[in-house]
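Shown next, in structure tokens, is the structure this report addresses.
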Amino acid sequence: MHREYLHEGALPFCLGCGHTLIAENIDKALQSLNIPLLDVILVTDIGCHGIIDKSFKTHTVHGLHGRSIALASGISLSLTNPEKKVIVFIGDGGATIGLQHLIDSAHKNFNLTVVLHNNMLYGMTGGQPSELTPLGFKTPTLPEGNKIKGFDICEVVASTGASYVSRVVGIGNISEQLAEALSRKGFSLIEVMEICPSYAVKSNPGMKLRQVTEDAGLSVKVYADHNIEGFRPEIKSETQSLIDTMPVIPVGYRSERSVPAKILIAGSAGEGVQSAAELFARAAIASGLNVTKKGSYPVTVGIGFSASDIILSPDPIQYTGSPDPDYVIITSTDGLEYTAGLIKKMNHGVVYLDESLPTPETKATVVRIDYRKTAGARNAAIYSLLGLAKREKLFPTEAMLDILNQGKLSGKADWNKMAEGI
Amino acid sequence: MNSNNIIFTDSSRLITESLVRAGADVFIGYPITPANLLYQYASKRYPVFMAAPDEITTLQWMSGFAVSGHIPVTATSFPGYALMIESINMAAMMELPMVIILVQRMGPATGTATRGAQGDISVIQGTMSGGFSLPTFSLSNAADCWEISAKAVEVAVKFRTPVILLTSKEEVMTMYSLDKSSLGPINKANRTFYSGNETFVPYEPNENLVPEFLPVTSSEHQVRFTASTHDKKGIIQNASPEALANSKRLHTKIVSNLKDFTWYDLDEQHEAETLLVSFGITAQACHEAVAELRNEGEKVSLLTAKTLLPVPPVYYSVCSRYKRVIFAEENLTGQYRQLMFGIQPPAHIEGVNEFGHMISPMHIKKVIHNA
């Protein structure tokens with residue numbers, strides 16, 4: 001047979017191995033489709049079938065056991081020229097260790113063709129059973145025969161909505177079936193049933209491939225032929241700078257603070273603690289201070305505590321931790337529970353506590369304020385931070401009022417009155 | 001600060017912007033705390049953004065994009081990195097440029113996703129089977145996030161290798177005020193592809209020991225990328241002399257060019273006998289501790305490592321000048337100290353370590369005072 005895509009000479013497989021038949025028929029199928037040699041990207045992985053690379057004149061990419069479909073998916077996603085043809089050679093072992101990749105690529109309908117070399121065992125490592133070994137099938141490590149039924153991988157892949165799925169028995173001329181799989185848009189898989197001449201034939205004397213396939217309940221047919229246009233990712237020709245688009249915070253006020261202030265505010269999720277802390281931080285920046293802010297909350301962000309560490313400093317801040325805050329604000333029971341251990345250890349500083357909460361044990365000064373009653377649960381955090389800025393002379397409250405009155409919180413409350421009252 | 005240029009940002013934003021400006025054009029992500037901001041920014045900024053179904057797929061897709069000539073990036077934390085390791089070996093063997101941002105969090109296993117750590121130095125050092133190294137850079141402040149991230153792209157391209165950008169939860173999730181005029185221009189990494197007429201030999205090294213690159217989209221030359229042991233043509237070999245030499249070259253191309261990507265800050269004080277060595281989040285505490293110690297009249301020097309791996313030889317010459325060397329790092333046993341000086345380092349090589357908490361300047365000062 002004339003070869004176009006394969007080098008001349010013997011292929012590197014055992015006598016009678018179906019892998020030779022597949023490689024030669026792929027060459028024939030590609031010839032029938034007239035695909036230019038260097039439009040073909042063959043992706044292989046580990047297993048006897050994977051040593052075919054050197055025999056191909058196309059581009060070849062040889063990856064890891066079971067990962068060739070994912071690797072080929074990446075290649076397929078990267079291609080802008082729809083004429084390129086990505087072909088994956090994988091075995092039954094690889095297809096099942098990388099089953100996630102197979103299902104993912106199939107259901108996302110990436111543009112590639114998987115040629116699944118199913119010889120029903122691991123040929124490279126001594127003939128161990130694979131996930132696709134049929135019930136009763138014997139291998140050198142399973143002389144009593146497989147006690148577990150293999151599954152129909154074509155059915156699994158077809159169920160994902162794959163563009164094309166078929167199974168053939170690897171005997172004789174299968175180039176037409178291969179060409180059909182190769183010619184379909186999007187994701188196609190063709191499973192070729194094979195017998196391993198080294199490990200399966202001796203273990204199962206007299207076995208016939210067609211019979212084994214039939215006995216295993218595996219249909220030789222086209223499972224899906226939707227010919228759906230494959231997925232191509234969006235390539236954004238221009239995206240906006242993440243820095244240039246950031247709002248600059250103009251410095252319009254001046255803080256009299258000469259030393260850093262470490263603040264912890266703790267309240268409940270859903271009560272605007274994080275946004276209040278950020279607003280407070282911006283006001284401090286607008287007053288010429290350096291600021292850092294961190295958020296702490298449980299993984300279920302909608303319930304439980306919500307806390308924020310803020311450091312304000314006239315000098316650049318290096319260490320952003322604040323294990324010993326100067327000021328702790330607690331606006332709710334969740335916040336009190338979260339800070340209980342810390343407050344107990346505090347031997348300096350001030351704890352600002354909502355009036356509704358019990359006074360915790362601490363050597364810090366405790367100041368009780370009716371945050372929730374005065375401002376409501378939703379605004380208690382902003383109200384408390386306005387109060388902190390004012391009472392501790394951290395920066396002018398006007399800096400915070402500017403943001404409150406100009407931004408999306410404008411009109412949500414009488415912020416000026418709140419600032420005066422605290 | 002220049003009062004007309006102050007923004008309130010986080011390092012995830014700076015890292016993302018820097019990588020894209022340097023030429024990284026694809027981000028493949030699988031969500032994991034504390035790398036989520038990097039994922040979020042990536043979805044807006046990279047020309048191509050894809051959500052992968054797991055971290056093995058992430059590295060495989062990245063490799064697929066890389067063989068086509070792209071420069072892919074991902075961001076993960078230890079649990080995801082652990083899944084990526086075999087595929088990182090593949091990418092290194094295929095000699096694919098890419099950047100993997102590893103945001104450290106407290107382990108072992110799932111540990112605590114929202115607690116910081118510096119506990120993944122050993123796993124990076126041991127990522128490659130056989131004693132090979134991956135260029136690994138640590139980010140210690142906003143300037144590093146901006147400058148070193150861009151350099152990571154350059155190194156990945158120039159030396160055709162995966163590069164690890166090592167950071168941690170407290171670095172990438174903390175917001176801070178920043179004078180944006182401090183962010184200098186970033187040049188796109190210079191990238192060239194093989195343009196000769198002769199048969200392309202995929203793993204024929206140049207004078208830097210790096211082969212020229214040609215993507216699988218070439219219509220002129222056959223291209224092979226191979227993860228198994230291979231010869232210069234990319235043909236799988238058992239252990240032929242040419243193939244072994246090719247594998248060994250992967251090591252020598254990194255170590256022999258190390259001087260090209262050795263970056264560190266050295267703040268030496270005249271007559272100081274104590275050297276503090278640190279990197280990443282703990283370097284910030286060290287800066288503060290050193291400033292306070294000097295104000296108190298103590299003499300102390302500080303080495304901030306930015307190139308972590310392979311360990312630049314200059315770190316040893318710096319350490320050799322001091323009677324006392326103290327490594328500050330947020331892991332149980334002092335992974336970087338042990339990596340440089342062994343499991344039982346000499347008595348004058350000490351450590352400040354924490355697990356589950358950031359190392360504070362106070363803690364560092366206490367250890368230095370306990371001479």
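Residue numbers begin at 1 in each chain, while the letters A, B, ... track the order of the sequences.
Between chain B and the options A:I69, A:I311, A:T292, heavy-atom pairs under 4.5 Å are most frequent for A:T292. Here B:P53 is the residue among B:S68, B:A289, B:P53, B:A285 with the most heavy-atom pairs under 4.5 Å with chain A. Ranked by heavy-atom pairs under 4.5 Å with chain B, the first of A:P233, A:G98, A:S73, A:S241 is A:S241. Among B:R13, B:K180, B:M362, B:M50, the residue with the largest count of heavy-atom pairs under 4.5 Å with chain A is B:R13. With respect to chain B, the highest number of heavy-atom pairs below 4.5 Å among A:I310, A:I243, A:D309, A:V86 belongs to A:I243. Most heavy-atom pairs under 4.5 Å with chain B: of the set A:V61, A:T239, A:I75, A:L242, this distinction falls to A:L242. Contact count versus chain A (heavy atoms, under 4.5 Å) is highest, among B:T282, B:V26, B:V223, for B:V223. Contact count against chain B (heavy-atom pairs under 4.5 Å) is highest for A:L71 among A:I51, A:N81, A:L71. Of the listed residues (A:T80, A:L77, A:I317), the greatest number of heavy-atom pairs within a distance under 4.5 Å of chain B belongs to A:L77. Annotation: maximal heavy-atom pairing with chain A below 4.5 Å, among B:E170, B:H70, B:M173, occurs at B:E170. The greatest number of non-hydrogen atom pairs below 4.5 Å with chain A, out of B:I56, B:T9, B:T16, is found for B:I56.
For A:D104, the part lying under 4.5 angstrom from a heavy atom of chain B is the side chain only. Heavy-atom distances place the backbone of A:Q240, and not its side chain, under 4.5 Å from chain B. Looking at B:E171, neither its backbone nor its side chain comes within 4.5 Å of chain A, counting heavy atoms on both sides. Heavy-atom distances place both the backbone and the side chain of B:V216 under 4.5 Å from chain A. With a threshold of 4.5 angstrom between heavy atoms, B:I236 approaches chain A through side-chain atoms but not through N, CA, C or O. Only the side chain of A:L79 comes within contact range of chain B, with at least one heavy atom under 4.5 Å from a heavy atom of that chain. Only the backbone of B:H221 comes within contact range of chain A, with at least one heavy atom under 4.5 Å from a heavy atom of that chain. Both the backbone and the side chain of A:K293 come within contact range of chain B, each with at least one heavy atom under 4.5 Å from a heavy atom of that chain. Of the atoms belonging to A:I46, it is side-chain heavy atoms, and not backbone ones, that fall under 4.5 Å from chain B. Neither the backbone nor the side chain of B:T58 comes within contact range of chain A, judged by heavy atoms closer than 4.5 Å.
At distances below 3.5 Å, not a single donor-acceptor pair connects side-chain atoms of A:Y338 with backbone N or O atoms of A:S296. Side-chain N or O atoms of B:S218 include one that pairs as donor or acceptor with a backbone N or O of B:E220 at under 3.5 Å. Side-chain N or O atoms of B:S11 include none that pairs as donor or acceptor with a backbone N or O of B:V172 at under 3.5 Å. Checked by atom type and distance alone, the side chain of A:D27 pairs as donor or acceptor with a backbone atom of A:E4 at under 3.5 Å.
Residue B:L276 holds its CG atom at 4.0 Å from SG of B:C286, rounded to the nearest 0.5 Å. Rounding to the nearest 0.5 Å places NZ of B:K233 at 10.0 Å from CD of B:Q222. Of the inter-residue distances, the one linking B:I281 atom CD1 with B:S168 atom OG reads 5.0 Å to the nearest 0.5 angstrom. Atom NZ of residue B:K169 and atom CD of residue B:Q118 lie 13.5 Å apart, to the nearest 0.5 angstrom.
Taking the side chain as every heavy atom from C-beta outward, A:P298 and A:I303 never approach each other to under 4.5 Å.
The aromatic rings of A:F56 and A:F89 sit perpendicular, their planes meeting at an angle over 60°, well past the 30° parallel limit. Ring-plane geometry between A:H19 and A:H49 is classed as perpendicular, the angle between the planes exceeding 60 degrees on a 0 to 90 degree scale with a lower cut at 30.
With B:Y46 as reference, B:F27 is the one residue of B:Y41, B:Y39, B:F27 to meet the ring-ring contact (aromatic ring centres under 6.0 Å, His included) rule.
At most 12 heavy atoms of other shown residues, nucleotides or ligands fall within 6.0 angstrom of atom NZ in B:K366.
Within residues 59-66 of chain B, the residues having any heavy atom under 4.5 Å from a heavy atom of chain A are, by residue number, B:Q60, B:W61, B:S63, B:G64, B:F65. Against chain B, the residues from residues 37-45 of chain A that qualify, each with a non-hydrogen atom under 4.5 angstrom away, are A:L38, A:I41 in number order.
Closest of all the heavy-atom pairs between B:M94 and A:G63 is CE-CA, 3.9 Å.
A salt bridge links B:E17 to B:R21: at least one charged side-chain nitrogen sits closer than 4.0 Å to a carboxylate oxygen. By the 4.0 Å N-to-carboxylate-O rule, A:R282 lies too far from A:D402 to be salt-bridged with it.
With sequence neighbours excluded, no residue satisfies side chain to side chain contact (heavy atoms under 4.5 Å, CB included) with B:A291. Partners of B:D54 under the salt bridge (Lys or Arg N to Asp or Glu O under 4.0 Å) rule, at least two apart in sequence or in another chain, do not exist in this structure.
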Practice task
Please step through ring pair (Phe, Tyr, Trp, His ring centres under 6.0 Å) for the pair B:Y203 and B:H230, ending with a clear verdict.
Solution key: CA-CA 9 Å; B:Y203 292 103; B:H230 55 268; 4.3 Å; yes
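Between the side chains of B:S182 and B:D179, no donor-acceptor pair of N or O atoms lies under 3.5 Å.
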